[in-house]
Novice: 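Below you will find the structure I want to go over with you.
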Amino acid sequence: MAQDKFDLRKVHDSFELCLVGNNEEDVLLDPYLEAFKELYKFFSLMGTVFGFVSSDVKEKVEILEKLRKHADHGEHFESVQSMMNYEQDGSLLTKKDYVSGSRTLLRLHRGLDFIYLFLKRLGELESANANTCAVCQTAYNETLAQYHPWLIRKGAVMAMYAMPSRDQLLEKVCLDASVAIKLLPEMLTVARQVYDRTQELYTKYDLHGLP
């Protein structure tokens, strides 16, 4: 069904909304999660190839949505910076039995690095029939692989051998493949801005090493 397909426009628009506001260093969390809900469709439509990341994305989005909707402290999770301030000031990052939003978001942040690099290189493929396996493996090895144990790395790289050509992939997952390939550079630009801002916040608060 068309509504179950991946919509690159929604990802673009959601990431664009992440950057709206008075603070040019911050990232709004609600549209960030909306973007990842759409990216989850992309991972899911790829089947077992992205099984190593799709279930993790779904779980992390649900955790952050629960924190955001919490009656007592939901307002502190309006943006990445307000969340980090709240959790650091309240010594929540080391508190037992507390599920940290900053730690949870870090997993999505790393996933965004992977999907950005993969889609960027996918868009750079000159032939519609070019196989996507090599660009996906390279993107994975340069990003998410460094955080995964050997067994997951091995399984992920092996699964990627079954990946189709560029246009076959886009036809399989996208609402409109021709629109997606045209919109891709624009989406990647705004996704990179969101990634860079988030990366700078993790650096500012010294939270890259959260376990």
Side-chain angles (χ1 to χ4, degrees), residues 1-8 10-11 14-15 18 27 29-70 77 80 83 87 93 97-122 132-133 135-164 168-175 180 187 191 194-195 198-199 202 207-211:
M1 294 174 68
Q3 62 264 35
D4 295 325
K5 288 290 190 85
F6 170 64
D7 188 346
L8 201 71
K10 282 186 181 178
V11 179
S14 294
F15 275 142
C18 289
V27 175
L29 206 50
D30 288 343
Y32 187 99
L33 297 178
E34 287 303 312
F36 261 92
K37 284 181 187 177
E38 202 61 34
L39 288 171
Y40 172 71
K41 288 184 187 178
F42 176 86
F43 293 130
S44 296
L45 287 162
M46 288 299 296
T48 55
V49 174
F50 284 140
F52 68 96
V53 68
S54 61
S55 59
D56 197 44
V57 165
K58 186 173 187 291
E59 179 192 2
K60 300 301 184 276
V61 167
E62 287 174 352
I63 289 171
L64 286 164
E65 283 190 323
K66 188 176 179 180
L67 288 168
R68 178 73 177 107
K69 293 173 182 175
H70 197 284
F77 294 85
V80 175
M83 172 180 70
E87 292 193 331
L93 295 169
D97 301 325
Y98 174 75
V99 180
S100 163
S102 300
R103 183 181 290 109
T104 301
L105 182 71
L106 184 58
R107 274 56 180 177
L108 294 181
H109 177 62
R110 291 168 178 171
L112 181 56
D113 195 21
F114 162 64
I115 194 64
Y116 168 84
L117 195 56
F118 170 56
L119 290 176
K120 181 176 182 290
R121 291 179 177 167
L122 185 74
T132 57
C133 170
V135 294
C136 191
Q137 287 177 340
T138 304
Y140 174 69
N141 286 330
E142 290 179 15
T143 56
L144 274 180
Q146 61 188 298
Y147 305 108
H148 288 162
W150 180 85
L151 200 59
I152 291 178
R153 292 200 308 269
K154 182 73 172 176
V157 170
M158 289 295 291
M160 290 170 194
Y161 282 111
M163 291 184 69
Q168 285 175 332
L169 185 154
L170 292 173
E171 289 288 347
K172 179 179 181 179
V173 303
C174 295
L175 281 170
M187 189 283 282
V194 170
Y195 177 85
T198 308
Q199 180 78 352
Y202 273 99
L207 296 178
H208 286 293
L210 284 173

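Here, residue 1 is the first one in the sequence, and each next residue gets the next number. Note that the structure is predicted; figures quoted are calculated from it, not measured. Hydrogens, waters and symmetry mates are skipped; everything else that's a heavy atom, side chains included, is used.
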Novice: Tell me the closest heavy-atom pair linking Ala139 and Thr143, and the distance in Å.
Specialist: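 Between these two residues, the closest heavy atoms are O-OG1, 2.6 Å.
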Novice: Hey, does Leu117 have a side-chain heavy atom less than 4.5 Å from the side chain of Val135?
Specialist: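 No, side chains not in contact.
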Novice: Take Lys10 and Glu34, measure what side-chain contact (heavy atoms from CB on, under 4.5 Å) needs, and give me the verdict at the end.
Specialist: CA-CA 8 Å; Lys10 282 186 181 178; Glu34 287 303 312; over 6 Å; no
Novice: Give the intermediate values and the outcome of side-chain contact (heavy atoms from CB on, under 4.5 Å) for residues Ser102 and Leu93.
Specialist: CA-CA 8 Å; Ser102 300; Leu93 295 169; 4.0 Å; yes
Novice: Looking only at non-hydrogen atoms, find the nearest pair between Cys18 and Val194 and report the distance.
Specialist: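 For Cys18 and Val194, the tightest heavy-atom pair comes out as CB-CG2, 3.9 Å.
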Novice: Checking Val53 against Ile115 for the side-chain contact (heavy atoms from CB on, under 4.5 Å) test, could you report, in this order, the C-alpha distance in whole Å, the side-chain angles of both residues, the deciding distance, and whether it holds?
Specialist: CA-CA 10 Å; Val53 68; Ile115 194 64; over 6 Å; no
Novice: Output all residues satisfying side-chain contact (heavy atoms from CB on, under 4.5 Å) with Thr138, sequence neighbours left out; order by chain, then residue number.
Specialist: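 Only Arg121, Glu142 meet the side-chain contact (heavy atoms from CB on, under 4.5 Å) criterion with Thr138.
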Novice: Quick check: does any side chain N or O of Glu38 sit under 3.5 Å from a backbone N or O of Val11, one acting as donor and the other as acceptor?
Specialist: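 No; judged by distance alone, with no hydrogens or angles, the pair does not exist.
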Novice: For Tyr161, does the OH atom have more than 12 heavy-atom neighbours from other residues, nucleotides or ligands under 6.0 Å away?
Specialist: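 12 or below, so no.
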Novice: Are Glu65 and Asp30 close enough, and set up right, to give a side-chain contact (heavy atoms from CB on, under 4.5 Å), and what steps lead you there?
Specialist: CA-CA 8 Å; Glu65 283 190 323; Asp30 288 343; over 6 Å; no
Novice: Take Glu87 and Ser100 through the side chain to side chain donor-acceptor pair (under 3.5 Å) test and state the conclusion after the steps.
Specialist: CA-CA 8 Å; Glu87 292 193 331; Ser100 163; 3.1 Å; yes
Novice: Rounded to the nearest 0.5 Å, what separation is found between the NZ atom of Lys120 and the OH atom of Tyr116?
Specialist: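 If I round to the nearest 0.5 Å, the distance is 5.5 Å.
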Novice: Atom CD1 in Ile63, atom OG1 in Thr104: separation rounded to 0.5 Å?
Specialist: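 That separation rounds to 4.5 Å.
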Novice: Do other residues, nucleotides or ligands put more than 12 heavy atoms under 6.0 Å from Glu171 CD?
Specialist: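 Incorrect, the count does not exceed 12.
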Novice: Are the side chains of Leu106 and His109 in contact, using a 4.5 Å heavy-atom criterion?
Specialist: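 Yes, side chains in contact.
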Novice: Quick one: pull up NZ in Lys58 and OH in Tyr40 and give me the separation to the nearest 0.5 Å.
Specialist: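 One finds 5.5 Å between NZ of Lys58 and OH of Tyr40.
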Novice: Testing the basics here: between Leu112 and Tyr195, what is the closest heavy-atom pair and its distance to 0.1 Å?
Specialist: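 The pair with the smallest heavy-atom distance is CD2-CB, 4.0 Å.
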Novice: Is any side-chain heavy atom of Asp113 closer than 4.5 Å to one of Gln199?
Specialist: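 The answer is no; the side chains never approach within 4.5 Å.
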Novice: Between Leu33 and Leu108, is any pair of side-chain heavy atoms under 4.5 Å apart?
Specialist: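 With C-beta onward as the side chain, the pair touches.
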Novice: Between Met46 and Val173, which heavy-atom pair has the shortest distance, and what is it?
Specialist: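 Taking every non-hydrogen atom into account, SD-CG1, 3.8 Å.
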Novice: Evaluate the ring planes of Tyr140 and His148, with Trp represented by its six-membered ring, and classify them as parallel (under 30°), tilted (30 to 60°) or perpendicular (over 60°).
Specialist: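 Judged by the thresholds at 30° and 60°, the geometry between Tyr140 and His148 is tilted.
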Novice: Can you find a heavy atom in the side chain of Phe6 that is under 4.5 Å from one in the side chain of Leu39?
Specialist: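 SC-SC contact between Phe6 and Leu39 confirmed.
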Novice: What heavy-atom pair brings Val49 and Met163 nearest, and what distance separates the two atoms?
Specialist: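 Smallest interatomic distance, heavy atoms only, reads CG1-CG, 3.7 Å.
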Novice: Would you call the rings of Phe50 and Phe118 parallel, tilted or perpendicular if under 30° counts as parallel and over 60° as perpendicular?
Specialist: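 Perpendicular.
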Novice: Might you point out which heavy atoms bring Met83 and Leu105 nearest each other, and give the distance in Å?
Specialist: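 Answer, listing the atom of Met83 first, then Leu105: CE-CD2, 3.7 Å.
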Novice: Starting at CZ of Arg110, measure out to CG of Leu144 and round the result to the nearest 0.5 Å.
Specialist: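 Output value for this atom pair is 8.5 Å.
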Novice: Hey, does the side chain of Arg107 reach the backbone of Val57 with a donor-acceptor pair shorter than 3.5 angstrom?
Specialist: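 Side chain of Arg107 to backbone of Val57: no pair is present.
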Novice: When rounded to the nearest 0.5 angstrom, what distance separates CG in Leu67 from CG in Leu29?
Specialist: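 Those atoms lie 9.0 Å apart.
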Novice: Calculate, to the nearest 0.5 Å, the distance between atoms OG and CD belonging to Ser54 and Glu59 respectively.
Specialist: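 Going from OG on Ser54 over to CD on Glu59, the span is 11.5 Å.
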Novice: Does the side chain of Lys5 reach to within under 4.5 Å of the side chain of Lys41, using non-hydrogen atoms?
Specialist: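 In short, these two side chains do not touch, never coming nearer than 4.5 Å.
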Novice: Determine whether the aromatic ring centres of residues Tyr32 and Phe36 are separated by less than 6.0 angstrom.
Specialist: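 Between Phe36 and Tyr32, the centre distance is under 6.0 Å.
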